[in-house]
Amino acid sequence: MKKLIDILPPPTTPFNCGDQLQWEYFINRLGTKVPSDYRQFINTYGTGGIDKFLWILNPFVKDENVNFLKRKEEICTAYLQSKLAFPQYFEHEVFPSTGGILPWGYTDNGDELYWLTFGNPDEWTIVVYTSRSSEYFHYPIIMTEFLYQIIMKEIVCDSFPDDFPFPNKKTEFFSFNVH
């Protein structure tokens, strides 16, 4: 997380971070613990996205575009419909199935970012499904390391456009507050 903070300064006042009671309520509704780096990310950055392109779902915001539980249902329903129609292209099960995918973010291009829920939540790795095909990419790293490596261009996700993150501009976290 420290490496990410060094290259992606968090907002001075993050919005919708949640307190201990809200985290417990969210985890109970979701039915599983979430990776600790995700929790640290939300507590540090709050609601928002990277370069106004990659949006992180937040359990404590009412805006249905970035509300974790609301978007999770929409994303998983759409994925399951695609899997029914084209099972050869959509091989993953969906959480709460063992090892199912669980969404944590999306891009303006409609790409979806998931955790692959094998084992302990702190060991969940990243799967990105591209919106322009049934192709997906697996990254055997945790969420904050994935974000760090994407920003630093240590890894390139073929699903993301070449100009993300912006090549000649400091990557920024776009923070916003929605009641």
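- Of the candidates Asn43, Ile142, Leu147, Thr144, Met1 forms a side chain to side chain contact (heavy atoms under 4.5 Å, CB included) with just one, namely Thr144.
- Separation of atoms CD1 (Ile126) and CE (Met143) is listed at 7.5 Å; rounding is to 0.5 Å.
- Under the 4.5 Å side-chain criterion, counting only non-hydrogen atoms from C-beta, Pro121 is not in contact with Val34.
- Counting only residues at least two apart or in different chains, salt bridge (charged side-chain N to carboxylate O under 4.0 Å, His left out) contacts with residues 27-37 are absent.
- Take Tyr148 and apply the side chain to side chain donor-acceptor pair (under 3.5 Å) test, not counting sequence neighbours, and it matches no residue.
- Put simply, Val128 and Met152 are part of the same group of oily side chains (I, L, V, M, F, W, Y) that touch within less than 4.5 Å, one to the next.
- Under the side-chain contact (heavy atoms from CB on, under 4.5 Å) criterion, Glu135 pairs with Thr130, Ser133, Phe137, not counting sequence neighbours.
- Considering only heavy atoms from C-beta on, Phe68 comes within 4.5 Å of Leu30 through its side chain.
- For the side-chain contact (heavy atoms from CB on, under 4.5 Å) test, residues two or more places apart in sequence or in another chain that qualify with Glu64 are Lys70.
- Note on Trp55 and Leu113: same hydrophobic cluster, where clusters join Ile, Leu, Val, Met, Phe, Trp and Tyr whose side-chain heavy atoms are under 4.5 Å apart, directly or indirectly.
- By the side chain to side chain donor-acceptor pair (under 3.5 Å) test, Asp6 is found to be paired with Lys2, residues two or more places apart in sequence or in another chain being considered.
- In the model, Gln40 has no side-chain atom that pairs as donor or acceptor with a side-chain atom of Tyr38 under 3.5 Å.
- Contact check for Pro103 versus Glu112: no side-chain heavy atoms found under the 4.5 Å cut-off.
- No side-chain heavy atom of Ser159 sits under 4.5 Å from any side-chain heavy atom of Tyr136.
- Closest approach of Pro161 to Phe53, counting heavy atoms only: CD-CZ, 3.4 Å.
- Inter-residue side-chain proximity for Phe146 and Thr125 is flagged as unmet; no heavy-atom pair is nearer than 4.5 Å.
- By the side-chain contact (heavy atoms from CB on, under 4.5 Å) test, Pro11 is found to be paired with Pro14, Tyr45, Phe173, Ser175, residues two or more places apart in sequence or in another chain being considered.
- Not counting sequence neighbours, Phe15 has no partner by the ring pair (Phe, Tyr, Trp, His ring centres under 6.0 Å) test.
- Proximity of Ile151 to Leu4: side-chain heavy atoms (C-beta onward) are separated by under 4.5 Å at one or more points.
- Each side-chain hydrogen bond (donor to acceptor under 3.5 Å, both in side chains) pair with one or both residues in residues 92-103, not counting sequence neighbours, appears once here: His92-Tyr129.
- The salt bridge (charged side-chain N to carboxylate O under 4.0 Å, His left out) analysis of residues 146-171, with sequence neighbours excluded, yields the pairs Lys169-Glu172.
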Please test Leu54 against Phe160 for side-chain contact (heavy atoms from CB on, under 4.5 Å), starting from the C-alpha separation and ending with a verdict. CA-CA 9 Å; Leu54 192 156; Phe160 297 166; 4.0 Å; yes
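- A continuous path of ILVMFWY side-chain contacts below 4.5 Å connects Tyr79 to Phe86, so both sit in one hydrophobic cluster.
- Taken together through direct or relayed side-chain contacts under 4.5 Å among Ile, Leu, Val, Met, Phe, Trp and Tyr, Ile150 and Val156 form parts of separate hydrophobic clusters.
- When the side chain to side chain donor-acceptor pair (under 3.5 Å) test is applied to Gln20, the partners found at least two apart in sequence or on another chain are Glu24, Arg39.
- With a 4.5 Å cut-off on side-chain heavy atoms, Tyr114 and Ile75 count as touching.
- Looking at every heavy atom in both residues, Ile42 comes nearest to Cys17 through O-SG, 3.5 Å.
- Within the 3.5 Å criterion, the main-chain N or O of Thr47 finds no donor-acceptor partner in the side chain of Asn16.
- Ile50 approaches Phe164 most closely through the heavy-atom pair O-CE1, 3.7 Å.
- The side-chain contact (heavy atoms from CB on, under 4.5 Å) search around Asn120 returns Asp122, Glu123, not counting sequence neighbours.
- Summarising the geometry of Leu57 relative to Gly105, their closest heavy-atom pair is CG-N, 3.9 Å, with the distance given to 0.1 Å.
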Trp104 vs Ile56, side-chain contact (heavy atoms from CB on, under 4.5 Å): CA-CA, chis, key distance, verdict: CA-CA 6 Å; Trp104 58 267; Ile56 313 299; 3.5 Å; yes
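- Sorted by first and then second residue, the salt bridge (charged side-chain N to carboxylate O under 4.0 Å, His left out) pairs with a member in residues 40-60 form an empty list; sequence neighbours excluded.
- A chain of hydrophobic side-chain contacts below 4.5 Å, direct or via other Ile, Leu, Val, Met, Phe, Trp or Tyr residues, connects Val66 to Leu69.
- Counting heavy atoms from C-beta outward, Arg71 and Asn67 have side chains that stay 4.5 Å or more apart.
- Listed for the Thr117 side chain is a donor-acceptor partner under 3.5 Å among the backbone atoms of Gly100.
- For Asn58 (side chain) and Phe60 (main-chain N/O), a donor-acceptor pair under 3.5 Å exists by modelled atom type.
- In this structure, a donor-acceptor pair under 3.5 Å is present between the side chains of Asp63 and Asn65.
- Remark: Glu91 does not engage Lys83 in a salt bridge, criterion side-chain N to carboxylate O under 4.0 Å.
- Taking the six-membered ring where the residue is Trp, Trp115 and Trp124 present tilted rings, their angle falling between 30° and 60°.
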